[in-house]
Amino acid sequence: MAAEQGVAALQAILQTEAPHLLEKREKKERREGLPELKNAVKGKVVLRFAPNPNGPLSFGHARGIVINGNYAKEWDGELILRFDDTDTVVKPPLPSAYDQIPEEAEWLLGFKPHRVVIASEQIPHYYEHAIKMLEEKFGYICQCSGEDFKEYRVTKTECPCRSNSRELNLELWGKMNDGTFVPGDAVVRVKTSMDLKNPALRDWPALRIQNTAQHPHPRPSIGSKYRVWPLLDFQSAVEDHMQGVTHIIRGKDLMDSTRKQTLLYEHFGWTYPETMYWGRVKVHEWGGFSTSQMRRDIEAGLFSGWDDPRLPTLRALRKTGITADALRDFWVELGVTQKDISVPLSTLYSHNTKSIDDDAPRLSFIRDPVNLTLKGEHPNKVSVEVHPNHPSRGMRHFDVTNNSIWVEKQDLDKSEIRLKGFANIAIENQKGNPITAKIGSVERNDRRPIIHWLPDSGKTKATLMLAEDGEIKHFEGLIEAHSYPHGTMVQIERIGYARVLDDSTLIFTHS
RNA sequence: GCUCGUAUAGUGUAGUGGCCCAUCAUGAAGGACUCUCAUUCCUUCGACCCGGGUUCAAAUCCCGGUACGAGCACCA
């Protein structure tokens, strides 16, 4: 056809019949950043991050904050920080976490979460919905034991309590609340269907009784005020609706939770938010991380606190010099795939290097220091750059008038070495006391190894702290005199990056 | 056991039927620059789980298998 009538005629037909075929297909480009958020409207997106405040945030929590926070920012929406603190027995909240978590979230995000919601303060709302459920008979109070109900669930049998009248349910609800019933006596269930394919969804439990006399809620204003408490699936579902959450992005372990909640939303006539999931992440060097376990270990004295550099908490990472930028880049790069993955720490470190190297001033730190006495002619003043890529930041000045310097013991393996920025030397007597070194050329005139060093006059005793193989090691050494404030990220030449903790302590970040 | 989910280089990741003898990052190896084993830059290496099917055309869709993970708590 093209041959007979020309390409133009063909194009004309296509133009009217199927214009989309004529659209230029652009070369596929690699997507940058996070995947597209479905059904998102600029300015109308509401997301949430909902940790249990049973401890400060861990590395894993950072994913929830970063991903949800980035979407909120990208869509000009809101991020809710919600404390899911409805369990006082199994994973009781830690009072200090209520202040620490918002602070940590802000550090990580670079902005404050737009709203903070505390579930334990919303109990009356959950009760309203529970009562509505009982009144409208899509919920019921079940007095079966856990064992018995399990049997009903697997055999797809309806529990006898399912047919309770509205009046009986409300009466039983009263008994749950007034203390007649104790934990285990009764639970509120959502009616779904006992022959649902997935057994996990069959008449799932929504609220239960907790012994808050014995296990009061740690928030003083709540304490033992309530006996009946919502379970996660119910609390989260109701709260998401009340807050107008539009998108939920969370771990795929909560997939069944979504299905349970969708069934509840159908009863209430609500529309469930768009949902995305990520898979499980392990870090090669750490394995998994459980807040509850860390809490026990800290209380048992195995770790010095939540910022112990061996722990995968945000506080610890921050203390050792991992930046919020690096963490954000790291999590965005992993994206929101449902794959279960295991990443090496080197990936995080590589992001961190990018984030800190350009700013980090260089310092000389001598582990295992050995004193050398210099022999021969040499200048008394030596200058090296604060940062080799930024001459404008000035020089570091070393005074070697007294001929006394310090080097690392392991660098004396070779006798022909060059002191960085200074001079070639030849070690004269390895075992001597003092060890002497003869000054050679001040100009660099060969390819001998270059080592870092310190003049005796410009040194300070210092400790380099390092978390490795589950223990904390302290290297006593000498640090170049400096006046960087606590918290400054520095690069210790030939060793790696470190953070200034105090006047005499550095903590090693990574190499 | 039942239910759900996932499978692309060593590790992550892009890719929604032709642009893919597959993207980017990280890693490893080599090199350039550099008075740090840093940073930066360059080069090289390396993958679509297996088997069927649909189609002119499959990493992409369907079915089966395998592997891994999660849920089946009066935890979150």
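Numbers restart at 1 for each chain; the letters A, B, ... are given by sequence-line order, proteins then strands. The structure presented is a predicted model; accordingly, all values stated were derived computationally and were not measured.
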With sequence neighbours excluded, residues passing side-chain hydrogen bond (donor to acceptor under 3.5 Å, both in side chains) with [X]:
{"X": "Glu468(A)", "result": "Lys473(A)"}
{"X": "Asp399(A)", "result": "Lys381(A), Thr401(A)"}
{"X": "His397(A)", "result": "Ser383(A)"}

Applying salt bridge (Lys or Arg N to Asp or Glu O under 4.0 Å), name anything that partners [X], two or more places apart in sequence or on another chain.
{"X": "Glu32(A)", "value": "none"}
{"X": "Arg418(A)", "value": "none"}
{"X": "Asp85(A)", "value": "none"}

Euclidean distance for [atom1], [N] against [M] (whole angstrom):
{"N": "G17(B)", "M": "C61(B)", "atom1": "P", "value": "8 Å"}
{"N": "C49(B)", "M": "A7(B)", "atom1": "P", "value": "9 Å"}
{"N": "C21(B)", "M": "A57(B)", "atom1": "P", "value": "16 Å"}
{"N": "A67(B)", "M": "U8(B)", "atom1": "C1'", "value": "16 Å"}
{"N": "G27(B)", "M": "G53(B)", "atom1": "C1'", "value": "39 Å"}
{"N": "A47(B)", "M": "U26(B)", "atom1": "C1'", "value": "15 Å"}
{"N": "A76(B)", "M": "G12(B)", "atom1": "P", "value": "31 Å"}
{"N": "A38(B)", "M": "C45(B)", "atom1": "C1'", "value": "24 Å"}

Which residue pairs pass the salt bridge (Lys or Arg N to Asp or Glu O under 4.0 Å) test with at least one member in residues 323-333 of chain A, sequence neighbours excluded?
Asp325(A)-Arg328(A)
Would you list the pairs meeting salt bridge (Lys or Arg N to Asp or Glu O under 4.0 Å) in which at least one residue belongs to residues 340-351 of chain A, sequence neighbours left out?
Lys252(A)-Asp340(A)
Is there a donor-acceptor contact under 3.5 Å linking the side chains of Asn52(A) and Asp84(A)?
no
Take atom [atom1] of [X] and atom [atom2] of [N], then tell me their distance rounded to the nearest Å.
{"X": "Tyr277(A)", "N": "A7(B)", "atom1": "OH", "atom2": "P", "answer": "16 Å"}
{"X": "Lys197(A)", "N": "G1(B)", "atom1": "NZ", "atom2": "P", "answer": "17 Å"}
{"X": "Leu201(A)", "N": "U3(B)", "atom1": "CG", "atom2": "C1'", "answer": "8 Å"}
{"X": "Gln338(A)", "N": "U13(B)", "atom1": "CD", "atom2": "P", "answer": "12 Å"}
{"X": "Trp278(A)", "N": "G12(B)", "atom1": "CH2", "atom2": "P", "answer": "18 Å"}
{"X": "Lys339(A)", "N": "A47(B)", "atom1": "NZ", "atom2": "P", "answer": "16 Å"}

Its contact letters, B for base, S for sugar-phosphate only and - for none at protein heavy atoms under 4.0 Å, make nucleotides 65-76 of chain B read ----SSSSSBBB
Going 5' to 3' through nucleotides 22-42 of chain B, assign each nucleotide B (protein heavy atom under 4.0 Å from a base atom), S (under 4.0 Å only from sugar-phosphate atoms) or - (no protein heavy atom that close).
-BBSS--------BBBBB---
Tell me if the centroids of the rings in Trp204(A) and Phe234(A) come within less than 6.0 Å of each other.
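No, they do not, as the ring centres are separated by 6.0 Å or more.
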Among all residues two or more places apart in sequence or in another chain, which pass the ring pair (Phe, Tyr, Trp, His ring centres under 6.0 Å) test with Tyr497(A)?
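Ring pair (Phe, Tyr, Trp, His ring centres under 6.0 Å) list for Tyr497(A), sorted by chain: His510(A).
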Each base of RNA chain B marked ( ) or [ ] if paired in-strand (Watson-Crick or G-U under 3.5 Å), | if paired to another strand and . if unpaired gives (((((((..(((.....[.....)))((((((.......))))))...(((((..]....))))))))))))....
What's the spacing between Arg367(A) CZ and Arg494(A) CZ if we round to 0.5 Å?
8.0 Å
Establish, with yes or no, whether the OP1 or OP2 oxygen of U6(B) is under 4.0 angstrom from a side-chain nitrogen or oxygen of Thr337(A).
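It does not, given that no N or O in the side chain of Thr337(A) lies less than 4.0 Å from OP1 or OP2 of U6(B).
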